[in-house]
Amino acid sequence: MKKQKICIIGDGLTGLATALILSKLDIEINLIRKSKIIKKSGDNRTTAISESNYSFLLGYLNNTDLKAFWSCKNIDLYHEKLSQYYHFMNFSNNEKNLMHIIKNEKLKKIFLEKLKKQKNIKIINEEIKKININDSSVLIKNKKVIFDLIILCLGSKSKIVEKLIGKRFINDDLKEIAFTSLVKHDSIIAEPKQYFLKEGPLAILPLNKKIFSYVWSMNESYRSYKKDEIKNLVYSKLKNILNSKTKIILEEPMSFPISFKFNVNLSKKNLLVLGDGSYNVHPIAGQGFNLILRDIKKLFDFMNNHLSLGLQIKDSLFIKKFVNSRKPENLLFGLGINFTNKFFMHNKSTSLLKEIILKDLNKFEFLKKLSLKISDKGIFQ
Ligand SMILES: Cc1cc2nc3c(=O)[nH]c(=O)nc-3n(C[C@H](O)[C@H](O)[C@H](O)COP(=O)(O)OP(=O)(O)OC[C@H]3O[C@@H](n4cnc5c(N)ncnc54)[C@H](O)[C@@H]3O)c2cc1C
């Protein structure tokens, strides 16, 4: 019997991870990537992957790949008050790993190398401009190719999803921007830290003891700052936070607009949207790709069940069922992260209340365990 054929468009972390995970199914996959043909400035972000998602990914990685991850057992949280940084919380779990940090470009390279070896995957370099939702076809190299399922992993900037599925968003314009880059230093920093600063939350994510990546989310007034001005601001803030004697060398920062956006429509006919094109959450909790990985795992389970019963993917109800099974958790996560971000925003009128709450927060072991469990495995696990 002819194998069922799906098309995955986009080679960000979502597209590559989806192709790799679904490649274990008895189907044919066309993966379409435009990065090869359009020169991009690269992705200098790092991603912190939760312990349970990492364990899941181990099934796809080899020992050499694992060297690219930096594993962490502790997270420390600080709050800025009058240019002092107060430690108010520590997360740990009996010396077990909490997260594994890796450069996005490195992870993409690892995924791509594996995909190139998969017999049921064909990688095509093309920027897709035409998709016909009625007959599930994609125009590839001027040829109309029909698929049983088309998965769009186009990121947040593409307008294709909006055009094909419609524009129904739950949207909260946070009017924020995130800056990120790598920092080399002569101190020893092995565990991640989160600083709630007056300008906005700053996360420090080590890639080894001598290099970390920072993600600093700020209000949109910083959007007009030139790269050098941001670099100077980050430099002086890090000097304050770490120790003025610590030598630091910063790479060029990249900026990412932040919004909380949740697309109500994630599928139509034989079209499914995954990744940043379906929802964006604030990077404060490092959950974006972790939620996406949980989506992909679930999609695999649905498709695997379906295929093992000998059923057709095309025109099947499982796509709707899959979307409905993931929507509540993703929306709740997005709203929860938004709430946390707003709570920590610099605001003179609430700062006293904030101090009272933060003072004893570290004592609430139950709350800490619950937060750890949710950020590791999700809400409904
Ligand atoms: C500053 C920052 C820090 C973050 N940190 C974390 C973290 O620590 N942990 C975590 O879990 N998440 C984190 N995230 C979220 C995570 O980085 C994203 O969710 C993830 O990278 C999204 O990947 P994506 O593939 O959906 O989108 P993208 O990376 O935008 O990829 C989309 C791809 O589609 C391709 N494409 C677009 N249009 C077409 C077309 N027409 N034809 C062919 N290809 C096309 C593009 O070339 C691109 O390669 C962070 C996000 C930010 C902004």
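Each ligand, and each atom within it, is numbered from 1 in the order the structure gives. Here the structure is a predicted model, which means the values were calculated and not measured.
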Quick note on ligand 1: atoms under 4.0 Å from a heavy atom of I160 include exactly 41 (N)
Q.
Within a 6.0 Å radius of atom CG on L317, are there more than 12 heavy atoms belonging to other residues, nucleotides or ligands?
A. no
| query | Near K103 NZ, under 6.0 Å, is it more than 12 heavy atoms from other residues, nucleotides or ligands? | reply | no
Out of S158, G155, A17, the nearest non-hydrogen contact to atom 27 (O) of ligand 1 is supplied by G155
Can you say whether the rings of F212 and H185 are parallel (under 30°), tilted (30 to 60°) or perpendicular (over 60°)?
tilted
Q: Verify the ring-centre separation between F300 and Y60: is it less than 6.0 angstrom?
A: no
Here the atoms of ligand 1 under 4.0 Å from any heavy atom belonging to G275 are 26 (O)
Check your understanding: In terms of hydrophobic clusters joined by side-chain contacts under 4.5 Å, are L353 and Y86 together?
Key -> no
Nearest heavy atom to atom 21 (O) of ligand 1, choosing from K34, R45, R33, belongs to R45
Inset, instruction - Using distance alone, with no hydrogens and no angle criterion, decide if N120 and S23 have a side-chain donor and acceptor under 3.5 Å apart. - result: no
With heavy atoms and a 4.0 Å threshold, my read on which part of I292 contacts ligand 1 is side chain
- Task: Would you check the N or O atoms of L13, main chain and side chain alike, for any that come under 3.5 Å of an N or O of ligand 1?
- Result: yes
For ligand 1, is T46 a contact, meaning one of its heavy atoms is under 4.0 Å away?
yes
**Q.** ligand 1 contacted by K129 (non-hydrogen, < 4.0 Å)
**A.** no
Please say whether F289 places an N or O atom under 3.5 Å from an N or O atom belonging to ligand 1.
-> yes
Within the 4.0 Å heavy-atom cut-off, what K157 brings close to ligand 1 is neither
Nearest non-hydrogen contact to atom 19 (O) of ligand 1 from the set L293, N125, L154, D276 belongs to D276
Rounding to 0.5 Å, atoms CG (N93) and CG (N74) come to a distance of 10.5 Å
Rounded to the nearest 0.5 Å, the NZ atom of K106 sits from the OG1 atom of T47 at a distance of 14.5 Å
Quick note on ligand 1: atoms under 4.0 Å from a heavy atom of E127 include exactly 41 (N), 42 (N)
task = Would you check the N or O atoms of T14, main chain and side chain alike, for any that come under 3.5 Å of an N or O of ligand 1?
result = yes
Evaluate K34 against E127 for salt bridge (Lys or Arg N to Asp or Glu O under 4.0 Å), listing each step before the verdict. CA-CA 5 Å; K34 76 168 183 184; E127 179 179 6; 3.8 Å; yes
One finds that the ligand 1 atoms under 4.0 Å from a non-hydrogen atom of V215 are 1 (C)
The answer for which part of I9 has a heavy atom under 4.0 Å from ligand 1 is side chain
Contacts of K268 meeting side chain to side chain donor-acceptor pair (under 3.5 Å) (sequence neighbours excluded), chain-then-number -> none
| What do you reckon, does T180 have a nitrogen or oxygen under 3.5 Å from a nitrogen or oxygen of ligand 1? | no
- Task: Report yes if I128 has an N/O atom closer than 3.5 Å to an N/O atom of ligand 1; otherwise report no.
- Result: yes
*asked:* With no hydrogens and no angle check, just 3.5 Å: does a side-chain donor-acceptor pair link N240 and Y195?
replied: no
Side chains of N304 and K24: donor-acceptor distance under 3.5 Å anywhere? no
CG (L331) and CD (E329) are apart, to the nearest 0.5 Å, by 11.0 Å
Check: of S50, C153, A285, min heavy-atom distance to atom 34 (O) of ligand 1 comes from C153
Going by distance only, is there an N or O of A48 that falls short of 3.5 Å from an N or O of ligand 1?
yes
Heavy-atom proximity to atom 9 (N) of ligand 1 ranks first, among P192, G12, G286, for G286
Under 4.0 Å from one or more heavy atoms of G10, ligand 1 contributes atoms 34 (O), 35 (C), 44 (N)
